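Computed from a predicted model, the values in this text were never measured in an experiment. In what follows, chains carry the letters A, B, and so on, assigned in the order in which the sequence lines appear, proteins first and then strands, with residues in each chain numbered from 1.
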2 protein chains.
Amino acid sequence: MATRIVIFEDNEKVRSSLVTLLGNESAYVVTGAHPDASDVGRRIRQETPHVVILDIDMPGMNGISAIPLIKEVDPEISIVMYTQFEDDEKLFKSLCAGADGYVLKKTSPGNLLAAIEEVRAGGAPLSPAVARKVLFSFRDQRQSSHAKYELTDREIEVLQLLIKGYSVKLIAAELHIAYDTCRSHLRNIYRKLHVNCGKEAIAKVLAEKIVL
Amino acid sequence: MATRIVIFEDNEKVRSSLVTLLGNESAYVVTGAHPDASDVGRRIRQETPHVVILDIDMPGMNGISAIPLIKEVDPEISIVMYTQFEDDEKLFKSLCAGADGYVLKKTSPGNLLAAIEEVRAGGAPLSPAVARKVLFSFRDQRQSSHAKYELTDREIEVLQLLIKGYSVKLIAAELHIAYDTCRSHLRNIYRKLHVNCGKEAIAKVLAEKIVL
DNA sequence: GCACATATCACCCTAAAAGGGGATTGTGGA
DNA sequence: TCCACAATCCCCTTTTAGGGTGATATGTGC
């Protein structure tokens with residue numbers, strides 16, 4: 001069965017060239033091509049696409065806002081952003097809103113075909129520069145340290161309970177140690193983390209992704 | 001100039017077929033092909049590759065451990081993992097260790113060539129299933145809500161200071177309000193977040209990435 | 001005007017946390 | 001052997017946080 005595609009793209013020229021490009025392939029059927037994202041829910045319901053090609057900068061509703069509306073109709077529909085924008089803001093917002101791919105317009109039209117294939121195969125087609133940004137961001141968000149503060153095993157145990165919101169008394173009970181022992185560990189932790197109270201410690205640990 | 005490539009792959013057959021595949025392309029020069037990652041630093045220094053193809057499961061040192069050693073020699077060297085493993089553990093560890101791409105062996109050899117091209121172009125070549133996992137993980141880590149708890153603007157201000165580790169007194173001073181007013185806001189916040197104390201609130205907010 | 005939410009402030013009391021000072025074991029290394 | 005350090009516990013004081021129960025002003029919407 002042919003892949004059903006709907007296009008949202010305000011630029012007349014780009015839109016018609018996409019329709020031509022995709023129309024030449026028997027594997028694709030363009031069931032809709034619109035210059036804006038108004039009434040996007042109804043259109044998607046009528047045109048039942050497998051893949052939506054979505055521009056970001058359009059008059060009226062912008063492409064990013066349209067993403068959740070499309071996924072609301074059917075979360076199985078794949079959304080590929082097709083845009084000239086390379087800035088982190090639009091990129092991250094799009095991906096977090098639920099876009100499955102992000103292809104830059106400066107790449108060749110053939111790449112868009114490849115992206116459609118990839119997204120149909122369950123992939124996440126990203127232009128090289130975009131993939132790089134996502135990878136770097138991904139990496140940054142997963143860095144964890146905890147070694148540099150030289151916490152002991154026991155201190156890490158105490159800290160893990162602390163950042164779950166446990167009170168000192170509860171931590172002591174959980175670890176089967178005396179209240180004062182627990183306080184003693186906490187004091188050492190505070191000293192090592194250069195903080196003055198439990199709240200600061202929680203904030204620091206979670207903000208810097210220590211322990212985990 | 002041809003792209004210089006070094007291969008680490010313990011399987012004799014796979015390794016030689018890679019050498020043949022890449023040798024047939026004039027754009028590539030394989031300057032090294034090794035069955036394990038022992039002495040990886042010295043080898044990389046001698047063979048000065050642009051791109052390293054790295055298997056994960058090898059006798060002796062595994063591929064993931066080799067990543068930082070390669071990047072240590074020259075962080076400009078691109079590393080493409082080439083493996084049969086699709087599990088999250090190896091994938092995330094590889095990417096966090098500094099791998100620039102992750103290609104599954106089950107994909108066609110042509111995809112490996114495409115991946116080398118993509119990584120040379122500054123991209124992050126990921127097999128479709130892998131790209132999907134990275135994207136989902138990326139999205140999960142950036143979800144923020146704060147609307148669903150119906151906090152008022154003022155409450156959000158107070159909460160933002162709280163999660164920076166500020167004491168009640170400090171928050172009050174910062175916002176130029178009375179200590180009791182601040183406590184009043186905090187009580188309302190705790191009620192709305194269904195928590196019982198500031199530490200739980202901080203833990204909940206940072207763990208669920210509310211506000212921000 | 002009235003209901004309602006928000007933001008502001010006040011006072012009381014208890015519980016929890018933090019800061020400071022100890023002390024005792026046991027383990028592992030210099 | 002002795003020292004350092006981790007882990008355990010105890011006592012004391014001060015500060016902070018939290019629960020309860022109010023009040024007042026200021027908007028906003030019907």
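Between A:L193 atom CG and C:dA18 atom C1' there is a gap of 15 Å when expressed in whole angstrom units. Taking atom CG on B:L170 and atom C1' on D:dT15, their separation rounds to 13 Å, with Å as the unit. Distance A:K199 NZ to C:dA17 C1': 10 Å, rounded to the nearest Å. Note: CD1 (A:I189) to P (D:dA6) measures 12 Å, nearest angstrom. Rounded to an integer number of Å, the gap from A:Y179 OH to C:dG19 P is 12 Å. Remark: C1' of D:dA6 and CG of A:D180 are 17 Å apart, rounded to the nearest angstrom. One interatomic measurement links the two molecules: CG of B:L162 to C1' of D:dT16, which rounds to 13 Å at whole-angstrom precision. A straight line from CD1 of A:I202 to P of C:dA17 spans 10 Å, rounded to a whole angstrom.
Phosphate contact (OP1/OP2 of D:dG19, side-chain N/O of B:R191, threshold under 4.0 Å): absent. Listed pair A:T181 / D:dT8 fails the phosphate criterion, with no side-chain N or O lying under 4.0 Å from OP1 or OP2. Contact annotation: B:S184 does not reach the phosphate of C:dT8 (side-chain N/O to OP1 or OP2, under 4.0 Å). Residue A:T152 has a polar side-chain atom (N or O) positioned under 4.0 Å from OP1 or OP2 of D:dA7. Between B:Y190 and D:dG18 there is a side-chain N or O to OP1 or OP2 distance below 4.0 Å. Distances shown here put every side-chain N or O of B:K169 at or beyond 4.0 Å from the OP1 or OP2 atom of D:dT15.
For the pair A:L54 and A:T83, the minimum side-chain heavy-atom distance is 4.5 Å or more.
Shown here for A:I77 and A:P49, the closest heavy-atom pair between the two residues is CG1-O, 3.5 Å. Between A:K105 and A:Y82 the shortest heavy-atom distance is CE-O, 3.5 Å.
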- Item | salt bridge (charged side-chain N to carboxylate O under 4.0 Å, His left out) between B:R187 and B:D180, worked out | CA-CA 10 Å; B:R187 273 190 286 238; B:D180 276 311; 5.4 Å; no
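If you check D:dA17, D:dG18, D:dT8 against the side chain of B:C197, the one that comes closest is D:dG18. For A:H185, counting side-chain heavy atoms from C-beta on, the closest listed nucleotide (D:dA7, C:dA10, D:dA17) is D:dA7. Among D:dT8, C:dT8, D:dT16, the nucleotide with an atom closest to any side-chain atom of B:I177 is C:dT8. The side chain of A:R183 has C:dA18 as its nearest neighbour among D:dT16, C:dA18, D:dG18.
For B:R187 and D:dG18, a side-chain-to-base donor-acceptor distance below 3.5 Å is absent, hydrogens and geometry of angles not being considered.
We find that A:K71 and A:D100 are joined by a salt bridge, their nearest charged nitrogen and carboxylate oxygen being less than 4.0 Å apart. Ionic pairing of A:R120 and A:E117 is not present here: no N-O contact between side-chain nitrogen and carboxylate oxygen is shorter than 4.0 angstrom.
Using a 4.0 Å heavy-atom criterion, one finds that B:N196 contacts the sugar-phosphate atoms exclusively.
Taking the nucleotide of DNA chain C with the nearest heavy atom to each of B:K192 and A:S167, the more 5' of the two is matched to B:K192.
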